[in-house]
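For the numbers below, each heavy atom of this structure counts, side chains included, while hydrogens, waters and symmetry mates do not. Throughout, numbering of the chain's residues begins at 1 and tracks the sequence. In each ligand, atom 1 is the first atom listed, and ligand 1 is the first ligand listed.
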Amino acid sequence: MGVIHEQKNHDRGSVCGNNKGLECIASDAGDSAWGIGAGQAASAVRSGAATDGRGNITGSSQGVGSVSGKKLSAKRVRASNGNPASAPSVHSEKMGPSGQKTGILKMKMKTLANAIQKGGQGKTMATCHLAFDGARRGLRVVVIDLDPQGNASYTLEAHASGLFASQMFDESPDLVPSFFADRDNTGITLIHNDDGLANIEKLELEDAATLLRTHVDALSEFFDVCLIDTPPFLSNVMASALLSADFVMSPVEMEPYSLQGMEKMVAVIQNLREANPALQFIGMLPNRYNVKIPRHVENMKILRDEYAELVMPFDIRQRDSIAEALGNQIPVWKVKKTAARDATKEVRVMTQYVFEKMEVIQ
Ligand SMILES: Nc1ncnc2c1ncn2[C@@H]1O[C@H](COP(=O)(O)OP(=O)(O)O)[C@@H](O)[C@H]1O
Ligand SMILES: [Mg+2]
């Protein structure tokens, strides 16, 4: 696999494993050049962006700046300035059936990827709940399950469209209209994972990303929101998702290994933003947080102290009802247990926040 995520010339020995949390993101990014090394995916990313001759992707015309040599800051990741994706969109409010305001904004489809290079963090939890909540709000939501594990496809099985995720990398210009033009696209529409995703790794990243991006663009004629669930490792599939998305968010547990995964993810996002300057980082979502575990509390404090702007201003606790809901293919608010109430509140704070950041609701 390529090394889009790798940093050069620094000692990685002191990070994350000793409760220093994400200290490494800032200090390492400050001292090092985030390398785009050799490898299938890496070489394709390099060919798609300006490089400085050392294999590092350099600054773009969008004011994103070079990946190398600068400290990671909220502004650099969030890219709120000079970025077309963050400019206020011109859109009119959609009205509900009886003329009431729905709070939903009519605009071009927005695409969000849930990504972190670590399993078990809550990517699929967030993807599925955003889909359920989006549909509840009257949005037309399409979910592309790019994770070979297919957990989102399991939970959202009832909404399968018949289109499979690997087809989103086919050279077939009419694929999307031929599937969705004569179909009722209200609610959730699932583009199911499939074994063919393994073949995408044989493509050059640039080719894979171009194909996915073309089909995602075509989806915008039929949907309001596109959610992409990604695998827990860097691959053509994950990188293509980030190169096709407007937004990315990263659920993360307050555990050392998870924070290491987050560190790698931030490096990948920075590198890929050179090729997709429109990509905005919505933030890290602290998930499965347990206040009774001192390690969690300490890591959360470090995260919030050091990276306030990169962390969503709330958390989702470890809640059995969330796991139960996903296993039962329903959102947590449909779990009929008192214990599900707190989980519902937390999940809805997250969905509200993310949809507002995406400017699909007010
Ligand atoms: N806040 C939470 N509380 C309890 N269980 C959770 C929570 N978030 C996710 N889970 C469960 O943890 C596991 C991993 O979550 P998942 O969303 O599948 O992670 P990922 O997609 O990042 O691998 C799943 O079994 C899921 O149901
Ligand atoms: Mg998953």
Donor-acceptor pair, side chain of [X] and main chain of [Y], under 3.5 angstrom:
X	Y	result
Ser258	Met254	no
Glu306	Leu303	no
Thr155	Ala152	no
Ser161	Leu190	yes

Inset, instruction - Assign the ring pair His296 / Tyr289 to parallel, tilted or perpendicular, where the plane angle (0 to 90°) is split at 30° and 60°. - result: parallel
Legend entry - Ionic contact status for Glu324 with Arg319, cut-off 4.0 Å: no
Among [options], find the one that has a side chain to side chain contact (heavy atoms under 4.5 Å, CB included) with [X].
X	options	value
Asn114	Leu130, Asp147, Ile228, Leu285	Leu130
Val268	Val248, Ile116, Leu234	Leu234
Met249	Met284, Met350, Met358, Gln280	Met350

Inset, instruction - Would you mind counting protein N, O or S atoms that sit less than 2.8 Å from the Mg ion (ligand 2)? - result: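 Counting protein N, O and S atoms closer than 2.8 Å to the Mg ion (ligand 2) gives 1.
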Inset, instruction - Write down, by chain and number, every protein residue that brings a non-hydrogen atom to less than 4.0 Å from an atom of ligand 1. - result: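 Under the 4.0 Å cut-off, ligand 1 touches Gly119, Gly120, Gln121, Gly122, Lys123, Thr124, Met125, Asn287, Arg288, Ile316, Arg317, Gln318, Arg319, Ile322, Ala323, Leu326.
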